[in-house]
Number of protein chains: 2
Amino acid sequence: MSSGPNRRMGPPGSATWNLILDAAEGILLEEGYAELTSRRIAERVGIKQRLVYYYFHTMDDIVVEGFRRMSKRELERLANALKAERPLHEVWGICIHTTDSRLISEFMALANRNEGVRREVISFIEQSRSLQVEALERAMKNGKGAVAGLPPVVITFMATSLALALTRESQLGVSMGHRETERVISEALASLEPVAPARA
Amino acid sequence: MSSGPNRRMGPPGSATWNLILDAAEGILLEEGYAELTSRRIAERVGIKQRLVYYYFHTMDDIVVEGFRRMSKRELERLANALKAERPLHEVWGICIHTTDSRLISEFMALANRNEGVRREVISFIEQSRSLQVEALERAMKNGKGAVAGLPPVVITFMATSLALALTRESQLGVSMGHRETERVISEALASLEPVAPARA
DNA sequence: GTCTATACACCGATAGAC
DNA sequence: GTCTATCGGTGTATAGAC
């Protein structure tokens with residue numbers, strides 16, 4: 001048979017496959033998940049709606065695969081940045097310059113009712129947190145900063161949470177307390193991890 | 001005329017009006033904003049779809065009015081709690097036991113593309129933050145806690161952000177670093193605001 | 001790999017009777 | 001205040017030709 005649940009499918013990773021995920025990401029960012037439809041995707045890519053279902057079984061698959069692709073991209077960026085000097089500063093820089101907070105909001109909302117997305121989101125948070133913890137532990141062993149008695153996992157949790165809140169609010173148009181908070185954070189970073197780190 | 005943009009409308013605050021917003025809130029929480037339709041609301045309340053449009057002009061109005069009602073409810077709860085002893089502990093308790101984080105996620109996502117919701121969300125964040133800052137400043141003047149040199153607005157920003165992140169993640173099924181973070185926070189609360197506060 | 005055409009369900013919003 | 005009925009539009013997903 002040429003159709004049904006076992007119908008012929010387009011190859012993951014192909015050019016059109018990626019264009020479809022690009023379009024889905026753009027719609028999610030600019031219009032929200034209620035507007036993420038096969039017709040809108042086709043319109044953006046410049047193909048016919050039927051083709052979307054040649055590359056993906058269902059709309060849910062597109063969302064899950066889209067998050068997985070983004071997740072992979074971000075984890076690579078994170079792993080790369082953490083090799084640098086002063087990983088604490090790197091952690092903060094990455095948290096504050098991460099994916100657009102509106103896109104994150106959409107995936108968060110989706111994760112609360114789509115089991116596939118939820119699994120991917122959980123996996124991403126845990127991997128990302130582990131990478132950060134390992135980098136901070138390495139830095140501590142090298143004597144690059146004491147982190148003031150706070151366990152590395154607490155540092156990373158706080159950095160992630162505060163950065164997300166700052167970007168989410170400023171995207172929205174709220175700035176109350178931001179300047180003061182950013183100042184406290186940059187002072188903490190400077191004192192925990194000085195410019196010329198002492199080598200062990 | 002009995003219809004059109006100036007058509008006759010049901011009274012805000014009436015029983016059915018509130019039932020419609022209750023249903024909308026439930027759908028938003030349990031099924032997400034993509035499922036928030038006039039037909040689903042009518043089904044939940046046990047009325048016909050047409051009646052929803054007697055009480056509200058558009059679906060957008062329902063979302064905006066729903067957030068406004070919830071916002072009012074939460075601000076009253078906050079103002080009440082902040083009269084108590086140890087406002088710092090109260091701030092944390094309220095942040096951690098606030099509205100379901102899944103509902104917040106939905107409104108966050110909606111705020112990014114609905115101008116009415118955005119205005120209400122901004123207003124809520126600013127009022128809520130102001131209330132908390134005032135309470136902390138009063139407590140400091142009374143000598144109830146020094147707050148370790150951190151400006152009150154930074155304290156409230158951090159409490160709100162960290163509490164939201166903790167509840168969001170545990171709702172999702174992530175717990176990595178939570179125990180450690182909660183411990184750091186409860187120690188900070190205890191040291192900044194002891195059980196028997198010194199009066200001025 | 002890409003297309004036309006289509007089945008069938010649901011959507012927001014309105015007309016107008018009772 | 002509440003209803004039946006309806007318009008015009010859009011959604012997922014599939015059949016099957018080229």
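Keep in mind that this is a model prediction, so the values were computed, not measured. Chain A is the first sequence line, chain B the second, and so forth, proteins listed ahead of strands; every chain is numbered from 1.
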Enquirer: Check whether any side-chain nitrogen or oxygen of A:R39 sits under 4.0 Å from OP1 or OP2 of D:dT10, and answer yes or no.
Expert: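 It does not, given that no N or O in the side chain of A:R39 lies less than 4.0 Å from OP1 or OP2 of D:dT10.
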Enquirer: Taking the nucleotide of DNA chain C with the closest heavy atom to each, which residue, A:S14 or B:M59, is nearer the 5' end?
Expert: A:S14
Enquirer: Using the side-chain heavy atoms of A:T58, tell me which of these nucleotides is nearest: D:dA13, C:dT2, D:dT2.
Expert: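 Nearest listed nucleotide: D:dA13.
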Enquirer: Is there a side-chain polar atom (N or O) of B:Y54 under 4.0 Å from OP1 or OP2 of D:dC3?
Expert: no
Enquirer: What nucleic acid atoms does B:I62 come within less than 4.0 Å of, heavy atoms only: base, sugar-phosphate, or nothing?
Expert: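 Answer is nothing: B:I62 stays at 4.0 Å or more from every strand.
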Enquirer: Whole angstroms only, please: what is the CG-P distance between B:L19 and D:dG1?
Expert: 13 Å
Enquirer: Give A:F56 one of three labels, base, sugar-phosphate or nothing, depending on what nucleic acid heavy atoms sit under 4.0 Å from its own.
Expert: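 Since no nucleic acid heavy atom lies under 4.0 Å of A:F56, the category is nothing.
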Enquirer: With A:R68 as reference, evaluate A:E65, A:K72, A:M70 under the side-chain contact (heavy atoms from CB on, under 4.5 Å) test and give the passing residue.
Expert: A:E65
Enquirer: Assess the residue pair B:Y33 and A:Y33 against the criterion (ring-ring contact (aromatic ring centres under 6.0 Å, His included)); give the C-alpha distance rounded to whole Å, side-chain angles, the decisive distance to 0.1 Å, and a yes or no.
Expert: CA-CA 9 Å; B:Y33 71 74; A:Y33 71 74; 4.0 Å; yes
Enquirer: Indicate, with a heavy-atom threshold strictly under 4.0 Å, whether B:I41 touches base, sugar-phosphate, or nothing.
Expert: nothing
Enquirer: Which of these, B:I185, B:T167, B:I96, B:V184, sits in a side-chain contact (heavy atoms from CB on, under 4.5 Å) with B:L162?
Expert: B:I185
Enquirer: If you check the A:T37 side chain, which of C:dT4, D:dT14, D:dG11 turns out closest?
Expert: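 That would be D:dG11.
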Enquirer: At under 4.0 Å, does any side-chain N or O of B:T16 touch on OP1 or OP2 of D:dT2?
Expert: yes
Enquirer: Hey, could you give me each pair passing salt bridge (Lys or Arg N to Asp or Glu O under 4.0 Å) that has a residue in residues 162-182 of chain A? Not counting sequence neighbours.
Expert: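 Non-adjacent pairs meeting salt bridge (Lys or Arg N to Asp or Glu O under 4.0 Å): A:E169-B:R129.
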Enquirer: Under the side-chain contact (heavy atoms from CB on, under 4.5 Å) test against A:T98, which residue among A:T160, A:L103, A:I104, A:L164 passes?
Expert: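 Of all the options given, the one that passes is A:I104.
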Enquirer: Take the protein atom CZ of B:R50 and the nucleotide atom P of D:dA5, then report the distance between them rounded to whole Å.
Expert: 15 Å
Enquirer: Between D:dT10 and A:S38, is there an OP1 or OP2 to side-chain N/O distance shorter than 4.0 Å?
Expert: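 For A:S38, the contact criterion (side-chain N or O under 4.0 Å from OP1 or OP2 of D:dT10) is not met.
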Enquirer: Measure from NZ on B:K48 to P on D:dT4 and round the result to the nearest Å.
Expert: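 Distance, rounded to whole Å: 5 Å.
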Enquirer: In whole angstrom, give the distance that lies between atom CZ of B:R40 and atom C1' of C:dC10.
Expert: 12 Å
Enquirer: Could you tell me the separation between the CG atom of B:D60 and the P atom of C:dA13, rounded to a whole number of Å?
Expert: 8 Å
Enquirer: Starting at the 5' end of DNA chain D and moving along, which residue's nearest nucleotide shows up first, B:Q49 or A:Q49?
Expert: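 So the residue in question is B:Q49.
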Enquirer: For the pair made of CD in B:E35 and P in C:dG12, what is the distance, rounded to whole Å?
Expert: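 Answer to the nearest Å: 11 Å.
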Enquirer: What's the CD1-P distance between A:I47 and C:dT4, to the nearest Å?
Expert: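 Interatomic distance, CD1 of A:I47 to P of C:dT4: 12 Å.
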Enquirer: C:dG1 P sits how many Å from A:I20 CD1, rounded?
Expert: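 Rounded to the whole Å, the gap is 11 Å.
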Enquirer: Nearest of C:dT2, D:dT14, D:dG1 to any side-chain atom of A:Y53?
Expert: D:dT14
